[in-house]
2 protein chains.
Amino acid sequence: MPDFPIGGYDGGSVSVSRPMGRVTLADVAKAASVATMTVSRYLHGNPNISPATARKVKAAIDRLGYRPNYAARVLMGQPSKVIGLILPNLANPFFSLIAHCVQQTAHGRGYLVWIAATNDDPTSDLELIERMRDHHVDGLLLASSQGSNIPQEKMGGIPTVAIDRPLRGAGVDFVTVDDRAAAREAVSHLLQHGYKRIAITGIDAQIRPIQERILGYQDAMRAAGLPPLPYIRCDDHASALQICKTLRTGKRPVEALFPLNGDTSVLFLEAFEELRISIPRDLAFFSYGDIPLSRAIRPRLSAVQQPIEAMAEQATLRLLEQIEQKTKPSRARIKIPASLVIRESCGCTRSRSSRTS
Amino acid sequence: MPDFPIGGYDGGSVSVSRPMGRVTLADVAKAASVATMTVSRYLHGNPNISPATARKVKAAIDRLGYRPNYAARVLMGQPSKVIGLILPNLANPFFSLIAHCVQQTAHGRGYLVWIAATNDDPTSDLELIERMRDHHVDGLLLASSQGSNIPQEKMGGIPTVAIDRPLRGAGVDFVTVDDRAAAREAVSHLLQHGYKRIAITGIDAQIRPIQERILGYQDAMRAAGLPPLPYIRCDDHASALQICKTLRTGKRPVEALFPLNGDTSVLFLEAFEELRISIPRDLAFFSYGDIPLSRAIRPRLSAVQQPIEAMAEQATLRLLEQIEQKTKPSRARIKIPASLVIRESCGCTRSRSSRTS
DNA sequence: TCCCTTATTGGGAGCGCTAACAATCTAGTT
DNA sequence: AACTAGATTGTTAGCGCTCCCAATAAGGGA
């Protein structure tokens with residue numbers, strides 16, 4: 001059996017329910033007493049059509065409630081006007097905001113967005129790509145799951161833009177936040193407070209954006225002549241608690257904590273509350289990405305503010321350009337600068353804001 | 001011009017880039033020296049095929065890397081194996097969790113899920129339905145935007161299940177949380193604490209689930225012989241602040257606040273923090289739905305816990321059944337009971353949990 | 001008036017696939 | 001050996017649409 005789903009056993013001759021009764025081009029043509037081609041041309045805005053004919057055709061379309069059959073269009077090589085958006089996880093506000101923005105941008109240009117999530121399953125990635133291709137999406141926007149490696153030939157020349165995470169293997173455009181600069185700025189800010197032992201933590205460091213943020217952290221530490229501390233992996237509530245306990249013990253306690261992603265920030269905020277760790281008195285804190293409900297948290301969080309809208313819009317526009325201009329992917333790497341929102345958790349007492357280079 | 005996007009002006013004779021080079025059934029058939037029908041039969045798991053032929057066909061498929069062309073399948077009336085999921089807003093964790101669960105369930109049954117969001121634009125609803133139909137989704141899962149009224153004929157007989165919010169007009173199955181019972185239970189619990197003036201607040205009350213929750217509130221108040229207080233609309237941070245100020249003033253201050261949806265709960269938690277209102281000392285609080293980051297909030301929140309997974313799974317399974325068994329929609333109304341998570345914000349001091357009827 | 005150019009319309013063919021039916025082949029029966 | 005039921009494979013047509021090319025209608029200059 002093949003690895004793609006099939007129509008199901010049909011017993012060899014069981015009739016499949018055909019979507020009956022739908023109005024076709026031929027129906028419209030007959031009603032308007034013209035050739036199907038004329039209707040087709042009208043639909044495509046071909047100017048070589050007399051106003052009188054156009055009116056007749058329009059009337060027939062409206063009267064019959066005609067809708068185009070995209071399967072037939074697409075079979076002839078026409079664009080489907082659908083782009084696929086594959087995300088690792090819809091429950092993460094970072095990605096759901098991307099979804100929102102991509103849809104906004106694409107919709108304004110006449111495209112539908114087919115959103116799907118891999119739920120961090122790297123094999124699911126490849127399957128989604130293939131099946132979306134089978135369904136003739138015009139292009140693909142990919143925030144690939146951790147570790148998935150997409151061979152170039154699997155993309156089969158379909159316009160693709162990677163977003164947030166690069167696509168190893170396939171040579172495509174890549175739009176991302178300038179994570180390295182953002183992390184560097186954040187750590188620099190913490191250093192200005194006089195903290196010397198600044199620790200970083202987060203999820204699996206294999207993911208590209210995390211690697212970039214680690215580099216940014218190291219940049220800032222080294223620039224200040226301080227040794228970078230090792231990256232602390234934190235995946236769940238239990239490990240956050242555990243880490244909190246070890247951070248403050250020992251002869252040289254950590255003075256500031258910088259989680260490198262939003263989920264981890266949440267984990268630590270929960271742990272701080274549970275362990276009655278006072279921020280920023282016991283420990284300074286700098287969050288990565290805006291946290292939902294952050295206004296209900298005291299002290300207010302200083303955070304890296306990711307330019308999600310700009311990133312999503314850039315990526316979408318680049319993709320649509322590739323689709324419509326049929327330009328080759330330039331393998332460009334577009335880095336969008338993030339900004340810092342300085343509130344109180346880092347040790348500041350008044351709010352102010354700065355923008356990274 | 002029609003109201004659906006068209007392929008773009010083609011000048012009458014500009015050649016459209018056909019996705020060249022893709023392996024077709026005929027290619028496989030030739031490579032395996034059989035008829036195309038034989039390959040098709042193999043793909044559909046037809047048992048009337050000799051093992052030797054099956055092997056030959058499989059080898060050819062693997063060697064050539066054949067993938068089915070769904071446009072052609074669908075044009076013949078075959079199922080597309082895609083279901084559409086239309087949600088009001090992906091940024092809301094309630095809906096993004098629905099998306100996650102639907103995908104989980106559908107994927108296990110060989111279906112892809114086409115997720116799209118209307119961003120609370122009621123007109124966008126209808127357009128998405130129509131365009132997904134144009135693309136031959138096998139069925140539709142709908143959490144319709146507020147106020148959208150879908151005429152039955154627009155659904156055109158496509159299997160549909162409404163989720164969370166009913167579909168006015170179209171007679172389809174409807175899977176929802178038993179919001180009325182959940183609200184009743186929550187209010188009853190608050191009443192047991194001795195609170196008599198319990199206020200409800202939330203977004204636009206036109207939305208069906210909100211209406212049900214209001215009814216549940218009124219049930220509980222009347223059962224206790226108390227007059228229900230009027231519903232307080234709250235849409236943003238400013239109005240939450242305003243409401244907080246008025247709640248505690250006057251001769252008969254409100255003792256407990258019960259926001260009827262998650263977003264509003266967040267708004268009030270932020271306002272409480274800003275106004276230094278202490279929960280539950282100044283005001284008891286019962287949240288609707290689990291709030292992200294709720295573990296980082298003191299006191300811990302008592303909340304209605306919505307059975308999102310069960311709801312999404314039920315809805316998906318019902319839809320797939322309609323699709324595969326070709327059963328008519330029973331116009332059934334399935335209510336899934338919610339449970340209460342009792343923590344501290346309601347005035348309790350120890351955690352315990354109860355389940356509504 | 002005729003011919004030629006340009007605007008507008010029509011007529012097949014065929015995209016890749018599958019339903020229905022036809023054809024062939026096998027083994028079992030009398 | 002002739003025949004038949006059943007298993008296996010092939011053939012044809014056509015899903016709804018758009019391509020290519022041909023056909024017609026409309027204007028303009030000789």
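The sequence lines fix the lettering, A, B, ..., with proteins before strands; numbering per chain opens at 1.
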- B/Ala35 has its side chain closest, among D/dG10, C/dG10, D/dT18, to D/dG10

- Query: Side-chain N or O of B/Tyr42 less than 4.0 angstrom from OP1 or OP2 on C/dC17?
  - Reply: no

- With DNA chain C as reference, determine whether B/Thr24 or A/Thr38 sits nearer its 5' end, using the nearest nucleotide of each. A/Thr38

- Does C/dT18 have OP1 or OP2 sitting under 4.0 Å from an N or O in the side chain of B/Arg41? no

- Note on the structure: note: B/Asp134, atom CG; D/dG16, atom C1'; distance rounded to Å ~ 13 Å

- Message: If you only use heavy atoms from C-beta on, which nucleotide in D/dC17, D/dT18, C/dC17 is closest to the side chain of A/Ser40?
- Response: D/dT18

- Message: Nearest 0.5 angstrom please: A/Leu140 CG to A/Ile163 CD1, how far?
- Response: 12.0 Å

- Run the numbers on A/Arg63 and A/Asp27 for salt bridge (Lys or Arg N to Asp or Glu O under 4.0 Å), then give the verdict. CA-CA 11 Å; A/Arg63 184 153 45 82; A/Asp27 297 332; over 6 Å; no

- Rounded to whole Å, CE of A/Met76 lies from C1' of C/dG12 at a distance of 12 Å

- Item | Atom-to-atom span, CG of A/Leu75 to P of C/dA13 - whole angstrom | 18 Å

- Begin with the C-alpha distance, continue with both residues' side-chain angles, and end with the deciding distance and a verdict on ring-ring contact (aromatic ring centres under 6.0 Å, His included) for B/Trp114 and A/His135. CA-CA 11 Å; B/Trp114 179 348; A/His135 284 280; 9.1 Å; no

- Any side-chain N or O of B/Gln78 under 4.0 Å from OP1/OP2 of C/dA19? yes

- Message: Just the rounded figure in Å: distance from C1' of D/dT18 to OH of A/Tyr70.
- Response: 14 Å

- Rounded off to whole Å, could you give me the CG-to-C1' distance for the B/Asn69 and D/dC15 pair? 13 Å

- Nucleotide nearest A/Ile49 (side chain, heavy atoms from C-beta), chosen from C/dC17, C/dT9, D/dG16: C/dT9

- Query: If you check every side-chain atom of B/Met37, which of D/dT9, D/dG10, D/dG14 has the closest atom?
  - Reply: D/dG10

- A/Lys81 NZ - D/dT18 P separation (whole Å): 13 Å

- Message: Using whole Å, what does the distance between atom P of nucleotide D/dG14 and atom CG of A/Leu25 come to?
- Response: 19 Å

- Task: Verify whether one side chain among B/Asn69 and A/His136 offers a donor that lies under 3.5 Å from an acceptor in the other.
- Result: yes

- Gap between atoms CG and P, on B/Asn46 and D/dG6 respectively (whole Å): 17 Å

- Note on the structure: On DNA chain D, more 5' by nearest nucleotide between B/Ala72 and B/Ser50 is B/Ser50

- What distance do A/Ile115 atom CD1 and A/Ile98 atom CD1 have between them, rounded to the nearest 0.5 Å? 11.0 Å

